[in-house]
Each structure stands twice: as structure tokens, then as C-alpha cells.
Number of protein chains: 2
Amino acid sequence: MIKLNRTTEYGLIALRHMSRKSGGAVTSAREIADTYGLPFEITAKTLQRLKDTGLIQSVQGARGGYALKKSLDEVTLADFLREMEGPQAVVACASIESGPGVSGHACDCEYDSKCQIGPAMKNLNNKVLQFLSGIRLSEFAAEAVPLVQLTSFEPKAANSQNSVGHL
Amino acid sequence: MIKLNRTTEYGLIALRHMSRKSGGAVTSAREIADTYGLPFEITAKTLQRLKDTGLIQSVQGARGGYALKKSLDEVTLADFLREMEGPQAVVACASIESGPGVSGHACDCEYDSKCQIGPAMKNLNNKVLQFLSGIRLSEFAAEAVPLVQLTSFEPKAANSQNSVGHL
DNA sequence: AAAATATACGATACTTAAGGTCGTAGATAG
DNA sequence: CTATCTACGACCTTAAGTATCGTATATTTT
């Protein structure tokens, strides 16, 4: 139900990478794609999107690339997702404010509601946004320290109660 | 990024409907579909799924139908989503624990991480699950009281800072 | 027996995401 | 000046997911 798309995921990887470079050093799309084994085209697309959002800036030409423009501490996950995945980022009642391409059923939850879960959905929406606003992108740029290792090294067992394919 | 699919949405509508019926009264799929203008086939499928999860029980035959089995207060949104949308419900790094049908990129975030955002993703995953565990389905069954009306009745303006297509 | 309902399985169309291709423009290195 | 590297932007193809529809069977009430 919660799913970051590739662009968002690659964006986080790229931001983390750039945040670890000193000063005004730029990073090319190629460098990021090669470093993390990502498809170049999508990486390039992602970086352009990041630039459009104002998170990073670009330098054209040979030896050009991208560099952070804002601190990752200034940007919340809520903001980031809205920019990267569009305003319909958070979801539930497929009918509320149906935008372009959104095929809702007959219910207009706003004022002429039949299904009646509209208000609860809006409420949930606000909670989710609040939750996401409490998370800053800098969390993803932190050192990838190996978490405290479990006593026994069993590749899968520790996760069984929480077997989650995606985050 | 957060998106409830139709089955989940219809499920919430159905659960709410049933929670408002007295005692052991049953509700047919037809009744729910007609009441809320939902496609019958999907509604029926949804109810069967709800039954499989143990949330509701069924009565076969003419005048049969479904009735709640658990209180909606006992079920959290995290549980509900896992049941309705599968264990890969919560999502982020498209590569972690890639299940069947999940096409991840080259990065195995668990131990041989290149992208390095794995740990942060897992951390986020836990936060999201915790968040969703704090929400009970009974919230969706509450009376659909019209929320406090804004002073001026402008169909769209009030939502502009938060224009969200989905919840 | 007939009607209403759940139950189960399958098929199809639509939508979206993911990835790729191509061409253009700008800047540096030589 | 020219070749090369890079960003930039439009378009296309394919794969996956999802909603929707269809059909048949079992079970109970009337």
C-alpha cells in the first residue's frame, strides 16, 4: 500500500551520494548510475526531476553534473514525495478530488457522499502527511553503519514476524 | 506513494456498513453494492476476502450474507492492509527481499549493499508500520458527521495547499 | 422446484510504471 | 575550432498491476 516508485528511490540514493561530497563538487548522472548499478537513463531522468524541484542544481557541459542546493535537513519526506510523485502522492479514497487519470467510482465523497468514508479518509490523509512531515531526508543520508548485529546470523529468521517485501 | 487499492477501499466501506447493523443481522453483497453504487462483482470478491481474513463471517443461501465477526476496534490498519494487500504491503526499497514478481535492481540491500539506503528504508518501514498500527478500523466506521464547515463555501480553494488526489 | 445468495475460477481491458531511444543544447579540453 | 562530455527534453515500447466482467457451482430459504 505504501510504495515508493523507482524515481523516488533512485532520488534518495542520488541525494545521499551528493550529500557526501565536499563543497561544490558536482556529480554526473553517469557516476551515480555506475556507482550503484542503476539504469543510466532513469538516473538521469531522476536527477533532472530533482533539479526541477530545486533540491539540486546542475552544471552543464563537459565535467558538469549536479550538486545539492538545499540541506537534506530542510526537506521532509512529505515534501519530497509530493514533488517526486505528484500531488496525488498520498492515497486512499480513489474518488476524492479525482484528478486527471484517476478513475473514481460514482461517489463524490466531498459533499454528495454515499460511501461515507470520505471524512475518515481525509482524516487519515492528514495524519499520514503529518507523519511524513516528521521525517527528514537527512535520515537517508546517514552513515550506513551496519545495525547492531543480532546475536545469531540467520539470514531470514529474524524478520519473520514482519515479513515485508517492500518498505 | 501511499495508495489503498479498490479492494481495500470497498472493504472499509463494507465493514463500516456492517458495523452499523444491529446484532447478528447479515448484509448481502448485493445490498452493499447497491447502497454505495459499487460494482457487484468486486464487492462480492471483497467480502469473500474479508471473510478469509476472519474479519467477517458468512451465511450461505437465500437471505444469507455477511456479518462482522470481530470488533473494528480490535483491528489496526496495519493488520488490515497486510491481509488485504499482501505482506508486501508496506513498501520502499524496491530491492529489499524481492519477492516473486518483484523486479529489483542489482542491489541486495541486506548485506551486500551498494545503494546504502537499505537500513534507512528498514527504519522507515518500521516507523510506518508503527504508525499504521496506531490506527484502528473503527475510525472509518464513525458517524460521518459533516466536519466543521469552513466559513466561506469555496469548493476548492481551501484545499489548495494540500491538493491531494488520493489518501 | 424455484429463487436468492455465497463461492470459486477464469478472462479481458485499462492504466501505470519502468526502461529505453533519439535528438538538442551547452561547456570544456585539446 | 573541433571533438567530447554533459545536461535536457520529447517520445516510444514493454511489462506489470489492477479493475472489471463473466460463468459456473454450492447452499439455503421459500
Side-chain angles (χ1 to χ4, degrees), chain A residues 1 3-11 14 18 25-34 37-53 56-67 69 84-86 88-89 91 94-95 98-106 165-166, chain B residues 1 3-11 14 18 25-34 37-52 56-67 84-86 88-89 91 94-95 98-106 165-166:
Chain A
M1 53 103 15
K3 175 163 190 166
L4 306 189
N5 63 27
R6 290 298 170 98
T7 305
T8 306
E9 182 181 340
Y10 295 169
M18 287 184 274
V26 300
T27 309
S28 71
R30 178 69 60 186
E31 173 181 334
I32 291 178
D34 288 348
L38 310 179
F40 169 73
E41 295 83 5
I42 316 257
T43 305
K45 211 169 291 188
T46 300
L47 287 166
Q48 282 167 38
R49 183 128 199 189
L50 289 174
K51 187 209 157 199
D52 290 341
T53 71
I56 64 178
Q57 52 195 328
S58 67
V59 177
Q60 278 197 331
R63 305 196 47 178
Y66 301 89
K69 200 161 136 195
M84 296 297 282
E85 308 193 352
Q88 311 99 319
V91 178
S95 331
S98 27
V102 177
S103 63
H105 62 245
H166 295 187
Chain B
M1 51 98 21
K3 175 162 189 166
L4 307 187
N5 66 25
R6 290 299 169 100
T7 305
T8 307
E9 182 181 340
Y10 293 170
M18 288 185 274
V26 299
T27 309
S28 71
R30 179 68 61 186
E31 174 182 333
I32 291 179
D34 288 349
L38 310 180
F40 169 73
E41 292 82 5
I42 314 235
T43 306
K45 209 166 288 190
T46 300
L47 287 166
Q48 282 166 41
R49 182 129 198 188
L50 288 174
K51 186 207 158 200
D52 290 340
I56 65 178
Q57 51 195 330
S58 67
V59 177
Q60 277 196 332
R63 305 197 49 179
Y66 300 89
M84 296 296 282
E85 308 193 352
Q88 310 100 319
V91 178
S95 332
S98 27
V102 177
S103 64
H105 61 245
H166 295 188

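- The CG-P distance, from B:L38 to D:dT20, rounds to 9 Å in whole Å.
- The interatomic distance linking A:D34 (CG) with D:dC5 (P) rounds to 13 Å, in whole Å.
- Here the P atom of nucleotide C:dA13 and the CD1 atom of B:I42 are 16 Å apart, to the nearest Å.
- For A:E41, the salt bridge (charged side-chain N to carboxylate O under 4.0 Å, His left out) criterion is met by no residue, not counting sequence neighbours.
- The distance from atom CG of A:L38 to atom CD of A:E9, rounded to the nearest 0.5 Å, is 8.0 Å.
- Atom CG of A:N5 is separated from atom P of C:dG19 by 10 Å (rounded to the nearest Å).
- Within the structure, every side-chain polar atom (N or O) of A:R63 is placed at least 4.0 Å from both OP1 and OP2 of C:dA27.
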Would you tabulate the side-chain donor-acceptor contacts of residues 56-63 of chain B under 3.5 Å, counting partners in other chains and residues two or more places apart, or write 'none'?
{"from": "B:Q57", "atom 1": "NE2", "to": "B:L68", "atom 2": "O", "distance (Å)": "3.4"}

Pick out the pairs of N or O atoms, protein on one side and nucleotides 6-9 of chain C on the other, that lie under 3.5 Å.
{"from": "C:dA6", "atom 1": "OP1", "to": "B:A29", "atom 2": "N", "distance (Å)": "2.9"}
{"from": "C:dT7", "atom 1": "OP1", "to": "B:K51", "atom 2": "NZ", "distance (Å)": "3.2"}
{"from": "C:dT7", "atom 1": "OP1", "to": "B:S58", "atom 2": "OG", "distance (Å)": "2.6"}
{"from": "C:dT7", "atom 1": "OP2", "to": "B:Y66", "atom 2": "OH", "distance (Å)": "2.9"}

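- With sequence neighbours excluded, the residues satisfying side chain to side chain donor-acceptor pair (under 3.5 Å) with A:T8 are A:N5, A:E85.
- Put simply, CD1 on B:I32 is 13 Å from C1' on C:dT5, counting in whole angstrom units.
- As a whole-Å value, the separation of B:M84 CE from D:dA19 P is 11 Å.
- Put simply, CD on A:Q48 and NZ on A:K51 are 8.0 Å apart, with the number rounded to the nearest 0.5 Å.
- In this structure, the CD atom of B:E9 is 14 Å from the P atom of D:dT18, given to the nearest Å.
- Atoms CZ (A:R49) and C1' (C:dA17) sit 12 Å apart, rounded to a whole Å.
- Dashed line: the shortest gap from a side-chain N or O of B:Y10 to OP1 or OP2 of D:dT20 is under 4.0 Å.
- The backbone N or O of A:M84 sits less than 3.5 Å from a side-chain atom of A:R49, completing a donor-acceptor pair.
- Considering only side-chain atoms of A:E41, the nucleotide from C:dA18, C:dT21, D:dT20 that sits closest is C:dT21.
- Among residues two or more places apart in sequence or in another chain, the side-chain contact (heavy atoms from CB on, under 4.5 Å) test is passed with B:A14 by B:M18, B:I32, B:L47, B:L50.
- Listed candidates were D:dT29, D:dA19, C:dA29. Nearest to the side chain of B:A62 is D:dT29.
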